[in-house]
Amino acid sequence: MKKSVFILQFVVLLLCTFVSIWAAARDKGLEVPMPSNEPTDVAAIRQLGRDMGDAMVAGDIDKLNQIYADDWATVGSSGQLFTKDKFLRDFKSGKHKLESYQLGPIDVQVFGNVAVAHGGVTEKRSDAGKDTSGEFAYMDLLKKYAGKWVVVRSAGARVVLADSPKAQSHDPKFVETMKQFAQDTGNAMVALDIDKLNQIYSDDWATIGSSGKIFTKEMLLDDFKSGRHKLVSFEIGPMDVQVRGNVAVVQASVNEKRIHDGKDISGQFVFCDLLENRTGKWVIVRTLGTRVN
């Protein structure tokens, strides 16, 4: 979705203070939220992706201001907080430029007033005079306010293609690998297997909580280790998996029984995880998520 001009290594999420709703079906008594995928909403979100790219190429700051929520924020590759204000300033000043882009298919899942969209994009762009063109995988979390969809969080990564990228992206073996990875993550959370979680999340994993503050891997592990946060059980809905070279995106909904600081924060959520294959091993590098009303 084209905001990817920065998508390069963005991250994001706003799942009740923190994230990570990975899983595999368990506790069958839970009701998993299913996407409504109203055609008009799906079409509107896909059009928003194209409008975003066009506005970036044209340097249309007013249009970009309408597309991104005021509280939009993400985490840059260096771990710093990146806000909407800085995003718009960088375009206005000419520091960031998108010359052209080509979008691939955009997968959209709508859950009432919440939606997730992910796909791939090839861009010709520059950052502070340096050519940063390439192919990227991205994911966006959107919300509908007063009948209008806006982007509230984004994440993405540069794609390094394998010898047969098309075969890889459609290979059922890769899809099953991602689903098993999700199961392992959920199981580790329920079992409080800190060593396993440490292997699953990249050292530079970080996200932004609903408070707008950065939430790191260290904080995530500490919350589980201390018992402050507990995942009691969960059931995941249908999972959408896309693999592009060294990058994968996994999207799904989930119903969870969770406890945080002794308080029940159970509910239904939608999430997207961005993974990278680093030295032959898949790890989660970014997460997006939110509660579904």
Side-chain angles (χ1 to χ4, degrees), residues 1-13 19-20 22 45-46 48-50 52-53 56 72 74-77 82 87 96 98 100-109 115-125 127 132-142 151-179 181-182 185 200-202 204-208 239-252 270-289:
M1 220 161 185
K2 352 7 63 258
K3 110 253 23 336
S4 68
V5 177
F6 293 122
I7 225 161
L8 179 69
Q9 295 136 353
F10 279 9
V11 33
V12 53
L13 147 298
V19 164
S20 75
W22 263 115
I45 291 170
R46 286 177 174 159
L48 189 69
R50 292 185 285 271
M52 190 188 299
M56 288 183 175
W72 180 87
T74 190
V75 180
S77 57
F82 196 82
F87 174 80
H96 289 288
L98 178 62
S100 62
Y101 70 97
Q102 183 175 357
L103 281 173
I106 303 174
D107 284 359
V108 178
Q109 298 291 324
V116 288
H118 62 93
V121 62
T122 300
E123 299 178 330
K124 184 176 182 181
R125 69 189 195 185
D127 181 11
T132 57
S133 304
E135 181 175 344
F136 303 87
Y138 70 87
M139 55 190 192
D140 286 310
L141 178 65
L142 304 95
V151 180
V152 296
R153 296 287 188 269
S154 306
R158 184 181 294 274
V159 173
V160 177
L161 294 176
D163 292 337
S164 303
K166 292 184 178 179
Q168 178 173 335
S169 63
H170 296 289
D171 189 341
K173 292 182 180 179
F174 281 90
V175 174
E176 290 307 313
T177 296
M178 293 300 98
K179 289 182 177 180
F181 192 91
T185 307
I200 288 171
Y201 287 89
S202 67
D204 58 347
W205 180 88
T207 191
I208 300 176
M239 192 180 296
D240 184 17
V241 178
Q242 286 193 8
V243 181
R244 292 180 173 82
N246 66 318
V247 177
V249 175
V250 178
Q251 183 279 317
V270 60
F271 73 92
C272 244
D273 277 310
L274 180 69
L275 301 91
E276 289 186 3
N277 191 321
R278 297 180 176 179
T279 63
K281 178 183 176 183
W282 289 100
V283 292
I284 302 174
V285 296
R286 296 292 185 264
T287 308
L288 310 180

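Just so it is clear, the structure is predicted and the values come from calculations on it, not from any experiment.
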Checking the side chain of [X] only, and the main-chain atoms of [Y] only, is there a donor and an acceptor separated by less than 3.5 Å?
X	Y	result
Tyr138	Ala117	no
Arg286	Thr207	no
Asn246	Asn277	no

| said: Let's go through Gln242 and His118 carefully: what are the C-alpha distance in whole Å and the side-chain angles of both, what is the deciding distance for side-chain contact (heavy atoms from CB on, under 4.5 Å) to 0.1 Å, and is it a yes or a no? | reply: CA-CA 9 Å; Gln242 286 193 8; His118 62 93; 3.6 Å; yes
Take Val249 and Cys272 through the test side-chain contact (heavy atoms from CB on, under 4.5 Å) and record every step on the way to the result.
CA-CA 7 Å; Val249 175; Cys272 244; 4.1 Å; yes
Testing the basics here: between [X] and [Y], what is the closest heavy-atom pair and its distance to 0.1 Å?
X	Y	result
Met239	Ala252	CA-CB, 4.0 Å
Asp140	Ser154	OD1-OG, 2.7 Å
Ala248	Met178	CB-SD, 3.6 Å

Once you measure the plane-to-plane angle for Phe87 and Trp72, does it fall in the parallel (<30°), tilted (30-60°) or perpendicular (>60°) bin?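 If you compare the ring of Phe87 with that of Trp72, the planes turn out tilted.
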Contact between [X] and [Y] at the side-chain level, heavy atoms closer than 4.5 Å - yes or no?
X	Y	answer
Glu176	Lys173	no
Leu275	Phe181	yes
Ile208	Val75	yes
Leu48	Val151	yes
Leu274	Ile284	no
Gln102	Val121	no
Arg125	Phe136	yes
Trp282	Val243	yes

Separation between CZ of Arg158 and CD of Glu123, rounded to the nearest 0.5 Å: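 So the CZ of Arg158 and the CD of Glu123 are separated by 9.0 Å.
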State the CE-CG distance between Met139 and Asp107, to the nearest 0.5 angstrom.
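One finds 13.5 Å between CE of Met139 and CG of Asp107.
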Report task. Apply side chain to side chain contact (heavy atoms under 4.5 Å, CB included) to Ser133 and list each qualifying residue two or more places apart in sequence or on a separate chain. Result ->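 With neighbours one apart ignored, the set is Lys124, Asp131.
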Tell me, please, which residues at least two apart from Ser202 pass side chain to side chain contact (heavy atoms under 4.5 Å, CB included).
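Applying side chain to side chain contact (heavy atoms under 4.5 Å, CB included) to Ser202 gives Asp204, Trp205, Arg278, Val283, Val285.
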side-chain contact (heavy atoms from CB on, under 4.5 Å) between Val108 and Arg46, intermediate numbers included: CA-CA 8 Å; Val108 178; Arg46 286 177 174 159; 3.8 Å; yes
- Report yes or no: do Asp127 and Thr132 form a side-chain donor-acceptor pair below 3.5 Å?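 No pair is found: no donor N or O on one side chain lies under 3.5 Å from an acceptor on the other.
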Q: Go through the structure and list residues passing side chain to side chain donor-acceptor pair (under 3.5 Å) with Gln251, not counting sequence neighbours.
A: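 Expected list: none.
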